[in-house]
Amino acid sequence: MTLQQEIVGNAMQMAVVSLQPGQTVYCEAGKFLFKTANVTMETRLSGSSNGGGQPTGGGSAGGMGGLLRQAMGTAMAVGQRALAGESLAFQHFTAQGGQGTVGFAGVLPGEMRALELDGTRAWFAEKDAFVAAESTVDFGIAFAGGRTGMSGGEGFILEKFTGHGTVVIAGAGNFIDLNPADFGGRIEVDTGCVVAFEEGIQYGVQRIGGLNRQGLMNAVFGGEGLSLATLEGDGRVILQSLTIEGLANALKKAQGGDKQGPAGGLFSTHVG
């Protein structure tokens, strides 16, 4: 059953989902906006309909061993989300006795995008990009790898979506869709601008220059830090025009909390 949804709005978009009787959609805590009265709301530790922590029918199926494996699976998933700083629980919405409507939104001014999974390719997204998905989509945590994550500072922890169905993600600013294959097979991006990419895209982090004069100039005065994200392969990549760090710095500057000297961040003075 395809999830019927419409993304509305401009600077701060919302996803309005129409649920058929018995159809379920789940979201991360803090992303719910509104619902019609015939839509029930339940908080669970798992996202998908076949995730851990919720019996899938026939309580005796698998016996105690099955229940133990299910409980262990739930504990591992919750532990991963806790380590990643994600919400520990999900809110599930199900239409009862007729069609229902639920609204969701991200937490930053920006765009939303509905991704359709057909079971052949997973999608990876930046931390906190997830908004909502139908119950046939599995939500998980992926790690880019110790060396990559530690050198990059951002993007080490990724959200992973598998299964069949619709998943809605959100980001900051405006989105642009790119395929590295159209640009020689590789693009280099500010680490905070990556929103999501398809399975098959190779994600990595590279240092900008060496530990020399130009490398230090890039880091101190360029505003990009020491690393860039690299995306290689043939597949869909979604980037955002605004980074969370950039938004935070702009708000701080507007409030007078960051007075920069003529040389920029190196000689910043903090007032108050």
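- Ring centroid separation for the pair Tyr203 and Phe197 comes in under the 6.0 Å cut-off.
- Using a 4.5 Å cut-off on side-chain heavy atoms (C-beta onward), Gln99 and Ser18 make contact.
- Side-chain contact between Leu117 and His164 is absent, with no heavy atoms from C-beta onward closer than 4.5 Å.
- Clustering of Ile, Leu, Val, Met, Phe, Trp and Tyr side chains at separations under 4.5 Å places Val16 together with Val8, Met14, Leu33, Phe34.
- Hydrophobic clustering (side-chain heavy atoms under 4.5 Å, transitive across Ile, Leu, Val, Met, Phe, Trp, Tyr) keeps Met112 apart from Met12.
- For the pair Ile141 and Ile157, the minimum side-chain heavy-atom distance is below 4.5 Å.
- Crowding of Asn10 atom CG: a count of heavy atoms from other residues, nucleotides or ligands under 6.0 Å not exceeding 12.
- Here Ala125 pairs with Ala129, Glu159, Phe161, Ala196 under the side chain to side chain contact (heavy atoms under 4.5 Å, CB included) rule; sequence neighbours left out.
- With sequence neighbours excluded, the residues that form a ring-ring contact (aromatic ring centres under 6.0 Å, His included) with Phe104 are Phe93.
- Residues that satisfy the side chain to side chain donor-acceptor pair (under 3.5 Å) test with Lys35, not counting sequence neighbours, are absent from this structure.
- For an aromatic pair to be called close, the ring centres must be under 6.0 Å apart, and Tyr26 with Phe139 fails this.
- Contact of the Gln240 side chain with the Phe175 side chain is registered, since non-hydrogen atoms from C-beta on lie closer than 4.5 Å.
- Each of Val25, Val102, Val17, Leu19 was compared with Gln5 under the side-chain contact (heavy atoms from CB on, under 4.5 Å) criterion, and only Val17 meets it.
- Take Asn38 and apply the side chain to side chain donor-acceptor pair (under 3.5 Å) test, not counting sequence neighbours, and it matches Thr36.
- Judged as a ring-ring contact (aromatic ring centres under 6.0 Å, His included), not a single pair has a partner in residues 234-253 (not counting sequence neighbours).
- Only one option out of Ile238, Val137, Thr166 pairs with Leu115 in a side-chain contact (heavy atoms from CB on, under 4.5 Å); it is Ile238.
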